[in-house]
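Have a look at the structure below before the remarks.
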Amino acid sequence: MSADPTQTLAFDTSCHLFDGCGFPAPGLHSFMFEPLWGDADGNGLYFNKPMLLALLGSIIIVGFFWAAFARPKVVPGKLQMIAEAGYDFVRRGIVYETIGKKEGEKYVPLAVSLFFFIWMLNLWSIVPVASFPVTSIIAYPAILAAVVYVTWVSLTFKRHGFVGAFKNFTGYDKSLGAVLPLSMTIELASNLLVRPFTHAVRLFANMFAGHTLLLLFTIASWYMLNGIGIAYSAVSFVMVIVMTAFELFIQAVQAYVFVLLTCTFIQGALAEHH
């Protein structure tokens with residue numbers, strides 16, 4: 001591979017344990033990519049690997065549901081059955097359980113779109129050649145969290161008006177007495193500043209850490225593939241398999257948690273303040 005530090009897994013493949021060269025540990029350079037076209041250092045637009053994976057992920061998700069529901073049948077085929085099961089899981093297992101059936105139905109398309117889009121972006125981590133979770137770049141979770149934030153805030157104002165929304169955001173409760181101003185300040189900062197931040201970072205941090213661990217054990221497996229180090233390499237490769245299986249679980253969980261929190265925010269916006 002190229003020694004260019006802007007490429008994932010950029011390390012000297014001829015370097016092994018006992019060869020006198022250091023371990024090429026993964027780092028921030030493993031999350032940086034040269035543009036496929038355009039100039040990242042200039043003022044123009046550019047397009048890199050994570051952008052390509054995000055685009056392909058969108059096409060795959062849209063194509064999958066389009067193929068499944070373009071000609072729906074009373075007795076569904078395999079593809080329609082899988083799509084219906086996934087759709088129903090998000091609708092009943094997340095939206096209805098959090099918001100309720102009556103109020104939640106209109107938000108099912110948003111929840112389903114977020115869940116499967118995030119899941120697909122996460123899954124790229126274990127797909128050969130792609131081998132990168134797009135959500136490990138903070139910009140993508142941040143944009144998704146921003147969409148949820150705008151939806152939640154605008155819905156709060158629409159449902160309760162300015163005064164009602166202010167009480168909703170600040171947790172206004174006159175029974176708190178003298179500590180009410182402090183409580184309102186903390187709640188306002190928590191809801192309007194901390195909440196969207198943690199919503200994005202939770203997804204980003206988990207996928208960033210998981211990908212780093214996968215890189216660490218993958219590179220170590222190759223690096224120790226020399227002499228007596230082969231035994232260590234075998235152990236490291238087992239860890240690659242274990243971490244890949246674990247990542248499969250985490251990828252789905254993180255998509256679930258992101259959508260669950262989204263529905264929780266929406267439910268809070270719809271709830272009457274007492």
Name every donor-acceptor pair, under 3.5 Å, that has one atom in a side chain of residues 105-119 and the other anywhere in the protein, sequence neighbours excluded.
unit_1 : atom_1 : unit_2 : atom_2 : d
Glu105 : OE1    : Tyr96  : OH     : 2.1
Ser113 : OG     : Pro109 : O      : 2.7

How many angstroms lie between atom [atom1] of [X] and atom [atom2] of [Y], to the nearest 0.5 angstrom?
X	Y	atom1	atom2	answer
Thr135	Leu203	OG1	CG	4.5 Å
Asp88	Met81	CG	CE	13.0 Å
Phe132	Ser125	CZ	OG	9.0 Å
Trp124	His211	CH2	NE2	14.0 Å
Asn191	Ile186	CG	CD1	12.0 Å
Asn48	Ile137	CG	CD1	6.5 Å

Output all residues satisfying salt bridge (Lys or Arg N to Asp or Glu O under 4.0 Å) with Arg159, sequence neighbours left out; order by chain, then residue number.
->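 Residues passing salt bridge (Lys or Arg N to Asp or Glu O under 4.0 Å) with Arg159: Glu103.
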Salt bridge (Lys or Arg N to Asp or Glu O under 4.0 Å) against Arg195, all qualifying residues, sequence neighbours excluded =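 Salt bridge (Lys or Arg N to Asp or Glu O under 4.0 Å) list for Arg195, sorted by chain: empty.
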Would you mind writing out the side-chain donor-acceptor pairs for residues 234-244 within the sub-3.5 Å range, not counting sequence neighbours?
unit_1 : atom_1 : unit_2 : atom_2 : d
Ser236 : OG     : Phe217 : O      : 2.8
Ser236 : OG     : Ser221 : N      : 3.4
Ser236 : OG     : Ser221 : OG     : 3.1
Thr244 : OG1    : Val240 : O      : 2.7

Sequence neighbours excluded, which residues qualify as side-chain contact (heavy atoms from CB on, under 4.5 Å) partners of [X]?
X	value
Tyr232	Leu17, Met224
Val150	none
Leu180	Tyr172, Leu176, Met184
Leu55	Phe47, Ile59

May I ask you to test the [X]-[Y] pair for a side-chain heavy-atom distance under 4.5 Å?
X	Y	result
Phe208	Ile138	no
Met51	Phe33	no
Tyr149	His199	no
Ser183	Asp173	no
Ser30	Thr212	no

According to the salt bridge (Lys or Arg N to Asp or Glu O under 4.0 Å) rule, which pairs have a member within residues 196-223, sequence neighbours left out?
->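 Of all non-adjacent pairs touching residues 196-223, none passes salt bridge (Lys or Arg N to Asp or Glu O under 4.0 Å).
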[X] and [Y]: which non-hydrogen atoms are nearest, and at how many Å?
X	Y	answer
Asn168	Ala271	ND2-O, 4.1 Å
Ile60	Met120	CG2-SD, 4.1 Å
Pro133	Ser136	O-OG, 2.6 Å
Ala200	Pro141	O-CB, 3.4 Å

Can [Y] be reached from [X] by stepping across I, L, V, M, F, W or Y side chains whose heavy atoms are under 4.5 Å apart?
X	Y	result
Phe169	Val194	no
Phe162	Leu188	yes
Leu28	Val134	yes
Tyr140	Val127	yes
Ile82	Leu123	yes

Only counting residues at least two apart or in another chain, list the ones meeting side chain to side chain donor-acceptor pair (under 3.5 Å) with Glu84.
->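 Testing Glu84 for side chain to side chain donor-acceptor pair (under 3.5 Å), a comparison that skips the adjacent residues, returns Gln80.
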Go through the structure and list residues passing side chain to side chain donor-acceptor pair (under 3.5 Å) with Tyr87, not counting sequence neighbours.
->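 For Tyr87 there are no side chain to side chain donor-acceptor pair (under 3.5 Å) partners, ignoring immediate neighbours.
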Over 12 foreign heavy atoms within 6.0 Å of CZ, Phe89 =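 Yes, the 6.0 Å shell around CZ holds more than 12 heavy atoms from other groups.
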Counting only heavy atoms not in Trp66, do more than 12 fall under 6.0 Å of its CH2?
->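 Incorrect, the count does not exceed 12.
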Heavy-atom donor-acceptor pair, Ser131 side chain to Pro128 backbone, under 3.5 Å =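 Not confirmed, Ser131 side chain does not pair with Pro128 backbone.
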Hey, can you pull the donor-acceptor pairs under 3.5 Å for the side chains in residues 246-269, sequence neighbours left out?
unit_1 : atom_1 : unit_2 : atom_2 : d
Gln251 : NE2    : Asn122 : O      : 3.2
Thr262 : OG1    : Phe258 : O      : 2.9
Thr264 : OG1    : Leu260 : O      : 2.8

